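Working notes, beginning with the structure itself.
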2 protein chains.
Amino acid sequence: MSDRDDKGRVATIFDVARLAGVSHQTVSRVLNDLPNVRPATRARVEQAIKQLRYVPSPAARALVTRRTRTLGLIVTGAPDYGPSSTALHFNEAARDARYSVITASMLETDAAVMRSAAELLVRQNVEAIVLIAAQRAALDALDGIELGVPLIAVASEDRGGMHRVWLDQYAGARLAVDHLVSLGHREIRHLGGPPNAMDAAERVRGWSAALAEHGLPAREPLLGDWTPGSGYVHGRVLARDAEMTAVFVSNDQMAIGVMHALAEAGLSVPDDVSIVGFDDIPEAAYVAPPLTTVRQDFDALGRAAMAGVLGVLGDDERLVPEPSVPDLIVRASTSAPSRDRVALTP
Amino acid sequence: MSDRDDKGRVATIFDVARLAGVSHQTVSRVLNDLPNVRPATRARVEQAIKQLRYVPSPAARALVTRRTRTLGLIVTGAPDYGPSSTALHFNEAARDARYSVITASMLETDAAVMRSAAELLVRQNVEAIVLIAAQRAALDALDGIELGVPLIAVASEDRGGMHRVWLDQYAGARLAVDHLVSLGHREIRHLGGPPNAMDAAERVRGWSAALAEHGLPAREPLLGDWTPGSGYVHGRVLARDAEMTAVFVSNDQMAIGVMHALAEAGLSVPDDVSIVGFDDIPEAAYVAPPLTTVRQDFDALGRAAMAGVLGVLGDDERLVPEPSVPDLIVRASTSAPSRDRVALTP
DNA sequence: TGACCATGCACCGTAAGATCT
DNA sequence: CAGATCTTACGGTGCATGGTC
């Protein structure tokens with residue numbers, strides 16, 4: 001596979017041309033599938049390419065075409081299940097479309113670091129930049145600055161000046177609440193994500209809209225930070241609320257913490273309190289009790305991001321697919337409310 | 001930031017040269033910090049660079065130097081906490097060293113896909129390829145084929161023909177078992193990872209070596225697949241083993257499943273059975289009970305991979321650091337064995 | 001005339017040799 | 001003579017132009 005001649009040089013288009021007895025331009029035409037090449041000539045060139053194991057130089061090609069078939073990907077935040085999965089599937093979709101992806105990952109959402117990473121990508125002549133970032137601040141960091149290349153954000157809030165793909169967090173939250181309401185719950189509380197998280201805000205919106213539609217009260221939501229620890233802390237608070245019979249938790253990690261706190265307080269899930277999470281992380285089906293949750297299709301999201309790129313670049317006229325709506329996965333952490341608790345509600 | 005003139009062109013080295021009143025070669029000398037440039041001239045050139053917002057074209061530079069300052073990263077398998085963290089920190093370390101990283105992620109460890117991804121990276125003239133792969137098959141896929149660039153594998157088993165960085169899984173496993181032994185446990189079972197996982201094999205090795213050293217029996221280990229579900233399945237088997245008082249589980253996800261199964265069987269953790277996991281995932285501190293586990297320093301691992309790259313490329317003479325030894329994090333899932341169970345052992 | 005193919009040049013840097021002060 | 005600077009060549013493509021049958 002090392003494709004090198006005696007002098008350690010890889011074959012060039014001129015080597016191929018000489019071997020095939022044509023000009024380098026004809027080789028170029030064959031490479032790029034252009035017309036006006038006689039089939040016999042084409043065959044000779046292809047034979048020479050194979051024989052010399054010639055592969056075109058991306059650097060030389062990029063220099064003259066100013067196209068690199070390379071995309072930039074910026075991912076901020078901890079390597080949690082959602083963003084990591086989205087990045088993985090985006091990467092696979094890009095490879096399928098014969099694009100390379102230069103990735104810039106960073107734990108912190110620091111505006112200066114993000115901007116310098118974006119500039120680095122632009123200098124590498126990426127054709128578009130995809131941003132996977134849960135926090136609003138990540139969009140702010142790249143908003144307004146003129147990158148010179150299209151920016152596609154995976155984000156659940158709208159923003160001028162950049163393209164966007166997302167999953168319907170609002171609809172997912174409504175699924176969760178509708179499920180609890182249909183089981184007979186009337187006092188349904190919410191543990192949300194951090195205030196700067198766009199997904200969290202959409203889920204709060206869905207929760208309160210669903211409650212309003214059913215004429216049910218919406219108590220002030222609690223706000224965690226996505227971690228199991230914050231779920232535990234707020235779970236202890238929720239355990240003292242004798243009126244509520246169900247909690248819609250904004251992600252599965254916090255839901256695990258909530259269930260732990262409820263168990264410690266002597267409350268049974270789902271007999272005393274029903275719990276619905278969000279994401280369907282791998283652990284969700286195997287905690288005690290298995291968690292009813294809202295599954296997000298990160299595969300679709302990653303592919304949608306790539307579809308967005310192709311749409312913007314004009315490679316592909318296919319429209320970017322509609323945002324997919326999450327699925328409710330009913331497991332054992334939800335059931336009809338117990339008589340005792342129902343009796344307490346007004 | 002769009003750095004373009006009226007015709008939409010970015011500045012070239014010639015534009016800078018003209019503005020500074022020097023030749024483009026002098027500009028190049030300034031860019032590359034070469035000597036023999038008068039301070040006054042250097043200042044004029046730097047002023048012109050700033051004024052035109054000139055940045056050198058990586059494509060043109062790569063064409064002539066055959067160096068791209070770009071690395072390839074291949075990551076296989078699900079986006080679990082360990083590999084995702086390692087990839088993140090490697091990425092940050094690479095950026096600190098002013099390298100770009102082209103990433104190829106793939107869910108499946110398919111030899112053909114891996115090889116074509118590696119070839120794609122080589123065509124992009126990456127200067128080295130880093131492989132993060134838990135499975136032995138991933139090393140097999142790239143073993144032997146002549147890539148033409150150095151390959152640095154993050155892998156816990158040795159392999160000819162490639163450089164390697166790793167965390168000391170064997171020592172980590174010994175820490176876990178030593179902890180259990182020091183608490184008084186004498187019948188310590190093991191739930192390992194899948195047979196094709198290199199980390200899993202090392203942990204089995206550490207577990208059995210520690211037992212042998214203490215003169216304790218090593219029963220045949222069970223083998224899961226890293227998922228919480230497989231932990232649950234094997235946990236039900238373990239629950240019927242009346243003699244064992246502790247289980248060393250090869251990762252935290254499976255440990256969660258095991259604890260769930262034990263709880264279902266009416267066994268208390270740690271009163272009846274002590275559990276030690278591996279990894280210290282974010283959930284570990286908040287499950288019930290909080291999990292004693294072996295923390296791996298994925299940050300150090302990612303940086304070690306980058307150090308390995310720099311070492312191979314000769315950019316940096318600093319030695320690749322010694323593999324770091326994991327830390328034991330003692331939480332509530334381990335305690336001295338109960339009298340009842342101890343009495344049962346011979 | 002049109003299908004086929006060759007020639008020259010641009011792209012934007014770095015490296016080596018030539019020239020000037 | 002040597003430090004400072006310039007001139008020339010080159011890398012590997014794709015595009016525009018032109019030539020030939």
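Below, all heavy atoms of this structure are taken into account, side chains as well, without hydrogens, waters or symmetry copies. Small disclaimer: the values here were computed from a predicted structure and weren't measured.
Note: CZ (A/R61) to C1' (D/dT13) measures 8 Å, nearest angstrom. Going from atom CZ of B/F14 over to atom C1' of D/dT8 covers 11 Å, rounded to whole Å. Atom CD1 in B/I13 sits roughly 12 Å away from atom C1' in C/dA15 (whole-Å rounding). We find that CG of A/L63 is positioned 13 Å from P of C/dA10, with the value rounded to whole Å. Look at CG on A/D15: it is 11 Å from C1' on D/dG12, rounded to the nearest Å. Straight-line distance from the CZ atom of A/R18 to the P atom of C/dC5: 19 Å, rounded to whole Å.
Checking B/H24 against B/V64, the closest nucleotide of DNA chain D that is more toward the 5' end is the one next to B/H24.
Relative to the side chain of A/V22, the nucleotides D/dT13, C/dA6, D/dG12 differ in distance, and C/dA6 lies closest.
Annotation: proximity of residues 25-47 of chain B to DNA chain C (heavy atom, distance under 4.0 Å) is found for B/Q25, B/S28, B/N32, numbered in ascending order.
In this structure, the side chain to side chain contact (heavy atoms under 4.5 Å, CB included) partners of A/S84, at least two apart in sequence or on a different chain, are A/P79, B/P79, B/S84. With sequence neighbours left out, the salt bridge (Lys or Arg N to Asp or Glu O under 4.0 Å) criterion links A/D80 to no other residue.
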Quiz prompt | Trace of the side chain to side chain donor-acceptor pair (under 3.5 Å) decision for B/S156 with B/D199 | solution = CA-CA 6 Å; B/S156 54; B/D199 286 351; 2.6 Å; yes
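Taking the six-membered ring where the residue is Trp, A/F298 and A/Y81 present perpendicular rings, their angle passing 60° and hence far from 30°.
In summary, B/E127 and B/R69 do not engage in a salt bridge, as defined by a charged side-chain N under 4.0 Å from a carboxylate O. The existence of a salt bridge linking A/D33 and A/R42 is confirmed by a sub-4.0 Å separation between a basic side-chain nitrogen and an acidic carboxylate oxygen.
A/R66 has a side-chain polar atom (N or O) that falls below the 4.0 Å cut-off from OP1 or OP2 of C/dC12. Listed pair B/S23 / D/dC6 meets the phosphate criterion, a side-chain N or O lying under 4.0 Å from OP1 or OP2.
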